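Note that this is a predicted model, so its numbers are computed, not measured. Within every chain, numbering begins at 1; the chains are lettered A, B, ... in the order of the sequence lines, protein sequences first and strands thereafter.
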Amino acid sequence: MNNVFKNLADSLSGEFKKFNLEENVQFSLSKLDKYDLQINNLVKYNQKIFFTKLQDRIIEVIKESKVFNTIDKNEVGFINLCLNHNFLKNEITNTSNDFINNKQYKIIFDYGGPNIGKPLHVGHMRTLNIGRSLYNIHTFINNKVISDIHLGDWGMPIAQIISYLEKENIDPKKLDSSQLEIIYPKASEEYSQNNKFKTRAQAINKLLNEGDETQLNIWKIIKSVSVKNLEENFKVFNHKFDYWLGESDVNDLIPGMIESLIKKNKIIKDEGALISAEDSDPKILITKSDGSYLYITTDLATILYRQQNIGYDKAFYIVDNRQSLHFKQLFDSIKYFEFNDLYHEHISYGTLNDSKGNPFKTREGGTKPLSELYEESYEYIKNINKKLSTSIISQLTNSVLTFSDLITNRKTDYKFDLEKFTSVNGKTGIYVQYSQVRANKLINNIDMQYKEVNDLILNEVDKQLLSKLFLFSYYLEQSASLNEPHHLANYLYEISNLFNQFYENEKISNITDLNHVSSKLYIANLFLTTSQNTMFCLGISPVTEM
RNA sequence: GCUCUCGUAGCUCAAAUGGAUAGAGCAACAGACUUCUAAUCUGUAGGUUAUAGGUUCGAGUCCUAUCGAGAGCGCCA
C-alpha cells in the first residue's frame with residue numbers, strides 16, 4: 001500500500017495490540033455501493049466484552065487521520081469507509097514516490113530462458129510478459145530488481161545440435177539463425193530414433209561438461225548465432241534483461257559442489273547416478289550415471305553462483321506450471337543441502353492455447369513461432385484503422401499481446417482469441433490505450449493548465465473515478481504481494497471505463513466556473529498519470545495517438 | 001498406479017491470509033452521435049459456485065468422499 005494507507009493501517013494494528021490482539025489491519029474493497037473501503041478485523045471480536053471500547057477507539061484513530069470522511073460502524077463489527085477526496089488529493093500522487101518507505105528487497109528474476117537453437121515460440125510469451133510486468137511492479141514499489149534471462153545454453157539440446165552438424169558435415173562457422181531453427185527439430189528427431197546418434201550426443205554432452213576445447217568452440221559459435229537472433233526478437237517485443245547468463249556459466253562450480261555434497265553425505269550413489277539422500281518420492285536425481293549434469297544440477301549451482309556473485313533476498317522463477325515438481329525438488333534441496341534460507345518462489349503459469357483451446361501449432365503442425373503470432377496480430381490491428389503509422393501499430397500489437405496475456409490469472413491456461421483481444425470494446429489493450437489517448441487529448445485541448453484547487457467539485461461519476469484512482473495502491477499491493485499482474489490489468493480496465501464515463505457525463509468545454517474546470521482537470525490528470533503508471537507496471541508503453 | 005492443479009452466468013474470466021447481497025467482459029436484447037475523436041456511453045436479462053457431507057458466528061474459499069478436466073512422475077530441459 002502507499003504511505004498514507006500503510007501508516008494508518010499500522011497505527012490501527014497498534015490499537016489492537018493495546019488490547020493484546022495480534023491483528024494485521026487491512027482495508028478491503030467495500031461490498032456496499034455507498035462505500036469505498038471496509039475493515040473486517042473487528043468482526044471476530046463482536047462477542048467480547050471489550051468490543052465496543054475497541055471499536056470506538058479504532059474509529060477515533062481513523063477520524064484523526066482525515067483519510068476518510070465517512071466512517072460507519074455496525075453491530076456485527078464491520079467498519080465502512082468513504083475516502084476523503086479533498087484530503088487525499090494532496091497526499092496521493094500514484095507515482096513511485098508514494099511507495100518510497102517500503103522495505104526494500106533485492107529480487108532476482110529468472111526467466112528460465114529460451115533454449116539456444118530453438119526459435120522463440122508462443123510458449124515463451126507468458127514468461128516474457130509476466131516477468132517484465134513483475135519486474136516493473138517491483139521496480140515501481142522501490143525494490144531492487146535484477147533480471148537474468150538464464151538461457152538454456154547447455155545440456156542435451158546443444159549436444160544434439162553439435163552431433164547433427166558433425167553427422168551432416170556442416171561447418172558451424174557458416175551457420176545462420178534460420179538454419180539453426182531447422183536443425184534443432186531434425187537433431188531432436190534423430191536423437192529419439194537413432195541409437196548411434198544418441199550415444200554420440202550423450203558423449204558430446206559429457207565432453208562439454210568436462211570442458212573439451214573442440215566441442216566448446218563449436219558451442220560458442222552456435223550460442224553467438226542464437227543470441228544475436230534472440231536479441232533482435234526481443235527488440236521487437238521490447239524486452240530487456242540485466243544479465244544474459246545461462247546454464248553454461250555455472251558449469252565450473254559443479255564439480256566442487258558435487259564433491260562437497262558427497263562429503264557431507266547429502267547425495268549418494270543410486271544405480272550409478274547420484275541422488276539426494278533426502279527421503280523423497282520421487283527420488284531427486286542430481287547427476288546421470290555417466291556423471292554428466294542435469295537441469296537440477298545447473299539450477300543448484302546457479303543458486304551458489306548468485307549467492308557469491310550477485311547476492312539477493314528473493315529469487316523468482318518465471319516458468320510454466322508443468323515444471324512445478326522440478327522447483328519443489330530444487331527448493332527442498334536448497335534447504336536440505338543447507339545452501340541458504342533465502343526466499344525462492346516458482347512463479348508458475350498456465351499454457352497458452354489457440355482460440356479453440358488446443359495447443360498452438362502452425363498450419364503445418366509444428367510449434368508456432370512467436371514472430372508469427374506477432375505478425376498475425378499486427379495485420380489485424382492494421383485493419384482497424386488504416387491511417388495509423390507503423391510504429392503505432394507495432395506498439396498497439398505489443399499492447400494487445402501483453403494485455404491479453406496479463407488480464408487472466410497467470411495460473412490458468414487461456415485461449416488466445418485474436419478477434420476478441422483486438423476488439424475496441426471490452427477488456428483489451430486497444431481499449432485501455434484509447435482511453436489514455438483520449439485523456440491526453442482532452443487535457444491538451446483545454447485552454448488552461450491545472451493549478452491548485454481548494455475544493456474539488458464532484459458529481460457522482462467524478463467521485464467514483466477519483467475513489468478508484470486513489471485505490472491504485474490497493475491493486476498494486478495485490479499484484480506485488482501475490483506476483484499476479486492480472487489485478488492491475490483489471491484495474492486498468494476499470495479506471496479506463498470510469499474515465500470514459502467521466503468524459504461522456506459532463507462536457508468540460510461547457511463548464512464556465514474556473515474552479516470547476518480546475519477540479520475536472522485534476523481528475524483527468526490523475527487518471528492519465530495512473531493509467532500510464534499502471535501500463536508501466538504491466539509492461540505496456542502508452543501510445544501518443546491512435 | 002502415485003502426485004499436483006482445477007471445476008463459478010450461454011462463452012471467457014474476477015472475487016486480498018474464511019466476511020455482509022458472488023462481480024466484470026463478450027455474445028443477446030433495448031436505447032444515446034450536426035461529438036471536448038461514438039475506437040464511446042446508458043439500460044435489460046442471465047447463478048442451488050460440479051455433487052454430497054463436514055468444520056463455525058459466517059464457506060466459492062478450509063476438510064472428507066464422489067464425478068469430471070488438465071498436467072507431472074530419475075538419467076530431456
Side-chain angles (χ1 to χ4, degrees), chain A residues 24 26-33 38 40-41 43-44 46-47 74 76-78 80 112-113 115 118 152 154-157 159-160 188 191-192 202 205 247 270-276 281-296 298-299 319-326 328-329 348 350-351 355 357 384-385 407-409 411-415 417 419-420 423-428 430-431 433-435 437-438 441-446 474-475 477-479 481-482 484 486-487 490 493-494 497 500-511 520 524 545-546:
Chain A
N24 182 17
Q26 297 206 330
F27 300 105
S28 314
L29 292 184
S30 178
K31 303 264 177 188
L32 308 169
D33 287 339
Q38 63 184 50
N40 304 332
N41 299 65
V43 179
K44 65 185 84 149
N46 62 12
Q47 298 301 318
N74 65 13
V76 183
F78 292 104
N80 295 307
N115 233 303
K118 294 189 207 174
W154 210 231
M156 287 312 297
Q160 289 169 16
S188 174
Y191 183 82
S192 62
Q202 285 168 339
N205 184 44
E247 296 171 342
D270 188 281
E271 294 176 31
L274 287 168
I275 64 164
S276 171
D281 180 33
K283 291 245 176 354
I284 304 171
L285 190 64
I286 304 294
T287 68
K288 300 186 204 175
S289 49
D290 71 355
S292 61
Y293 311 145
L294 289 155
Y295 190 19
I296 198 168
T298 51
D299 263 3
V319 180
D320 76 283
N321 284 337
R322 290 171 296 187
Q323 296 185 31
S324 55
L325 180 60
H326 166 75
K328 188 183 174 299
Q329 293 183 333
S348 64
T351 314
S355 59
I384 298 174
N385 182 346
I407 190 71
T408 50
N409 187 316
K411 285 171 189 156
T412 55
D413 299 349
Y414 81 96
K415 297 170 188 159
D417 186 334
E419 196 174 333
K420 182 179 159 188
S423 168
V424 294
N425 274 312
K427 298 183 180 180
T428 70
I430 305 284
Y431 180 89
Q433 286 282 18
Y434 173 77
S435 310
V437 169
R438 201 179 204 190
K441 199 139 191 185
L442 173 69
I443 291 163
N444 290 328
N445 280 349
I446 302 298
Y474 171 86
Y475 295 88
E477 160 86 8
Q478 279 194 52
S479 282
S481 62
L482 302 167
E484 292 174 348
H486 75 276
H487 302 284
N490 270 291
Y493 172 79
E494 284 182 29
N497 180 243
N500 281 318
Q501 288 178 41
F502 162 89
Y503 185 94
E504 302 263 332
N505 176 267
E506 199 168 14
K507 238 176 151 173
I508 299 185
S509 56
N510 288 347
I511 301 174
K520 287 279 187 185
E545 57 174 348
M546 61 188 282

Classify the nucleic acid contact of [X] as base, sugar-phosphate or nothing, counting any heavy atom under 4.0 Å across all strands shown.
| X | result |
| --- | --- |
| A/Q26 | base |
| A/I508 | base |
| A/G152 | nothing |
| A/S348 | nothing |
| A/L442 | base |
| A/N80 | base |
| A/Q38 | base |
| A/V437 | base |
| A/N385 | base |
| A/N510 | nothing |
| A/H487 | sugar-phosphate |
| A/Q323 | base |
| A/Q433 | nothing |

- Item | Residue-phosphate contact under 4.0 Å: A/N425 side-chain N/O, B/U40 OP1/OP2 |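 Yes, because at least one side-chain N or O of A/N425 sits under 4.0 Å from OP1 or OP2 of B/U40.
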- Message: B/G23, OP1 or OP2 - any side-chain N/O from A/N490 closer than 4.0 Å?
- Response: no
- Message: Using the salt bridge (charged side-chain N to carboxylate O under 4.0 Å, His left out) criterion, which residues pair with A/E494? Sequence neighbours excluded.
- Response: A/K468
Atom [atom1], compared across [N] and [M]: separation rounded to whole Å:
| N | M | atom1 | result |
| --- | --- | --- | --- |
| B/A71 | B/G53 | P | 32 Å |
| B/C73 | B/U49 | P | 36 Å |
| B/G74 | B/U17 | P | 35 Å |
| B/G25 | B/A14 | C1' | 10 Å |

So which nucleotide from [options] ends up closest to the side chain of [X]?
| X | options | value |
| --- | --- | --- |
| A/L32 | B/G74, B/A20, B/G25 | B/A20 |
| A/K283 | B/U37, B/C41, B/G74 | B/G74 |
| A/K44 | B/G72, B/C76, B/C57 | B/C57 |

- Message: What I want to check is whether the side chains of A/N490 and A/K427 have a donor and an acceptor closer together than 3.5 Å.
- Response: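 Judged by distance alone, the side chains do pair up.
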- Between A/E504 and A/N500, a side-chain donor and acceptor under 3.5 Å: no
- Message: Could you report the tightest heavy-atom contact between A/S289 and A/E271, atom names first, then the distance?
- Response: CB-O, 3.9 Å
- Task: Just say parallel, tilted or perpendicular for the rings of A/Y295 and A/H326, cut-offs at 30° and 60°.
- Result: parallel
- Message: Can you work out whether A/T287 or A/V43 has the more 5'-proximal nearest nucleotide on RNA chain B?
- Response: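 Counting from the 5' end, the first nearest nucleotide belongs to A/V43.
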What I'd like to find out is whether the side chain of [X] reaches to under 4.5 Å of the side chain of [Y], using heavy atoms alone.
| X | Y | result |
| --- | --- | --- |
| A/L285 | A/I275 | yes |
| A/Y431 | A/V424 | no |
| A/I384 | A/M546 | no |

- Task: Determine, answering yes or no, if A/Y493 is stacked on B/G25 under the 5.5 Å centre rule and the 30° plane rule.
- Result: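 Answer is no, no stack.
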Do any N or O atoms of the protein come closer than 3.5 Å to N or O atoms of nucleotides 9-12 of chain B, and which pairs are they?
unit_1: B/U12; atom_1: OP1; unit_2: A/K415; atom_2: NZ; d: 2.8
unit_1: B/U12; atom_1: O2'; unit_2: A/K420; atom_2: NZ; d: 3.1

- Message: Rounded to whole Å, how long is the line connecting atom CD1 of A/I286 with atom P of B/G74?
- Response: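 To the nearest whole Å, that distance equals 14 Å.
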